[in-house]
Amino acid sequence: MTAPQEGGYKQAMLIIGGLFAVFGFVTWLNASLIQFLQLLCDLTDSQALMVTFAFYIPYFLWSLPSSVVLKKLGFKNGMAIGLVVMAIGSIVFIPAANSKSFILFLVGLFIQGAGLSLLQTATNPYVSILGPIESAAQRISIMGICNKLAGVISPLILSSILLKNATEVEIKIKSTTDAVVKSQLLDELAGRVIMPYIVLTLFLLIVAFLIRRSTLPEIEAEETDSSGASVPARSSLGKYPYLWLGALCIFVYVGVEVMAGDVIGTYGKSVGLSADAAKYFSSFTLGSMLVGYVIGIFTIPKYLSQDMALRGSAVLGILFTVGAYLTDGSTAVTCIALLGFANALMWPAIFPLAIEGLGKYTKIGSAILVMGIAGGAILPQIYTGLYEESSLLGFALHSDGVTFKSAFLYAMVPCYIYILFFALKGHMIGKVRAAK
């Protein structure tokens, strides 16, 4: 690996940390948008969770093309382009708000997701190969703190604007029988989204310009393992089964992370908590993730290996999910918020375990892993399909005996079981460590 010198290393970490904060801020705005659009457009849970589908499915569609862009233009240019694409998606929210069109909001989210797929495909391998692979989880944990600090702040800011007096507004909209008055209420509500997204668009363009003009060094993955020993290249990516198992692990992990962070608000309202209280719940999940990241920085790899941290995280995920099922009210919501703690070290552990030893395939392998982020699009739809009469993507799995609580359990526990399998065995299948 061609890594930067000490000064360049610190500067690179600062710049990438800033980028992780940017896409953390944008990503976790969705928790507020789900509740806002559900109110503005009178959506069912399944329809509202199309927000996560539109935002995360581009990762599956655009990650491999993103690897081609990075190969041709390099990491730095790819990051700048990703930010510009995100800005384009943000500005689409303006006509969406003016027309109160849910479809246009989804288009804007899809474009944002496409930009983020390029940004994620660039930044995650960059951090992984910036230093020794054994400490990659530690570096990604630092990035995670940047990401989730911004993630804690973003729904607080957006909720205070979009969902101000949400319960009162919801009652007025549902109780009025005058079409003119109702239209005025919805127009006022829709107008709340315009200024925040104008500001976001300008901010993303400024950051893209600064990244393009920065001295962020280019680094290349070579065919060596973490000790510097030569690793013979294999004939194709199909010869790296642990990579594909890792991609599936990323898929289910992002699914459970999105469920814990974005679904917690609607879950809270379903157990009888008010809309004014529920709008802040996603920040609780992200706050508990921050605690997990801090623990990861100080314990990996000194006290915990990456795979050991992943095992413990998977077990905690199962326990907290069962806890949410067995309890009610604020206790159940607390259990879901604690899933943030359980999930915190998963991405920092899965990504380096799955990318280790790929050598010249590092960029395309990273793109395959980033494709797994599409799990955030699929799992929420499976969840709603389990307890609603129908869901938009055809996951009509509804049974009279399945409530929203049992649906959450059925959707989440199998994912954590697979993550535990990857931590115990999957990450070693087909992996050969080179001798010095």
Side-chain angles (χ1 to χ4, degrees), residues 28-55 90-109 153-200 261-285 328-330 332-333 336-337 380 383-384 387-392 403-405:
W28 293 105
L29 292 174
N30 291 340
S32 301
L33 280 174
I34 288 171
Q35 296 179 65
F36 171 74
L37 292 174
Q38 196 164 20
L39 180 57
L40 177 67
C41 302
D42 192 23
L43 307 174
T44 65
D45 285 350
S46 178
Q47 290 170 329
L49 287 175
M50 283 298 291
V51 166
T52 61
F53 183 83
F55 189 82
S90 299
I91 204 66
V92 171
F93 276 57
I94 311 309
N98 288 329
S99 61
K100 297 189 290 293
S101 169
F102 183 51
I103 297 299
L104 262 184
F105 277 113
L106 295 181
V107 169
L109 288 162
I153 294 169
S154 66
L156 292 176
I157 294 174
L158 198 64
S159 291
S160 67
I161 299 171
L162 302 188
L163 297 172
K164 183 179 180 181
N165 301 322
T167 302
E168 179 184 342
V169 172
E170 184 176 17
I171 291 171
K172 286 182 179 179
I173 291 173
K174 290 184 177 180
S175 63
T176 184
T177 56
D178 188 319
V180 175
V181 173
K182 186 172 184 177
S183 179
Q184 289 174 343
L185 288 169
L186 290 174
D187 286 343
E188 180 185 347
L189 184 64
R192 295 180 182 185
V193 82
I194 293 176
M195 186 52 67
Y197 275 84
I198 289 175
V199 173
L200 180 61
D262 286 352
V263 173
I264 187 171
T266 56
Y267 194 101
K269 288 193 290 185
S270 297
V271 296
L273 301 175
S274 72
D276 284 317
K279 67 186 181 184
Y280 297 121
F281 288 164
S282 61
S283 291
F284 299 157
T285 301
D328 292 299
S330 58
V333 170
I336 296 176
Y383 161 65
T384 56
Y387 72 90
E388 286 192 355
E389 292 291 346
S390 63
S391 73
L392 295 182
T403 65
F404 71 92
K405 292 185 71 176

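Here, residue 1 is the first one in the sequence, and each next residue gets the next number. Here the structure is a predicted model, which means the values were calculated and not measured.
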Non-hydrogen side-chain atoms of V263 and F404 separated by less than 4.5 Å: no
Distance, nearest 0.5 Å, that separates OG of S32 from CG of L162: 6.5 Å
D262 and P380, any side-chain heavy atoms less than 4.5 Å apart: no
Minimum heavy-atom distance between V333 and G268, given as atom pair plus value: CG2-CA, 3.8 Å
Interatomic distance, I34 atom CD1 to L29 atom CG [nearest 0.5 angstrom]: 11.5 Å
Among L189, L185, V181, the one residue meeting side-chain contact (heavy atoms from CB on, under 4.5 Å) with K172: L185
For the student: nearest non-hydrogen atoms of W28 and G261, plus distance: CZ3-CA, 3.6 Å
Spatial distance of atom CG (L37) from atom CE (M50) [nearest 0.5 Å]: 12.0 Å
Non-hydrogen side-chain atoms of L106 and L109 separated by less than 4.5 Å: yes
Main-chain N/O of L156 paired to S160 side chain as donor or acceptor, under 3.5 Å: yes
Smallest separation among heavy atoms of L200 and S90, with atom names: CD2-OG, 3.6 Å
Heavy-atom pair of closest approach, residues F102 and Q47: CZ-O, 3.2 Å
Steps toward side chain to side chain contact (heavy atoms under 4.5 Å, CB included) verdict (V193, L40): CA-CA 11 Å; V193 82; L40 177 67; over 6 Å; no
Nearest-0.5 Å distance, CD of residue Q184 to OG1 of residue T176: 9.5 Å
With sequence neighbours excluded, residues passing side chain to side chain donor-acceptor pair (under 3.5 Å) with K100: D187
Partners passing ring pair (Phe, Tyr, Trp, His ring centres under 6.0 Å) against F105 (at least two apart in sequence or in another chain): F93
Pair N30-L33, side chain to side chain contact (heavy atoms under 4.5 Å, CB included): steps then yes or no: CA-CA 5 Å; N30 291 340; L33 280 174; 3.9 Å; yes
Non-hydrogen atoms of I264 and A337 that approach each other most closely: CD1-N, 3.9 Å
Donor-acceptor under 3.5 Å (R192 side chain, F36 main chain): no
Passing option when Q38 is tested against T266, D45, T44 for side-chain hydrogen bond (donor to acceptor under 3.5 Å, both in side chains): D45
Residue pair A97 / I194: nearest heavy atoms and the distance that separates them: CB-CG1, 3.8 Å
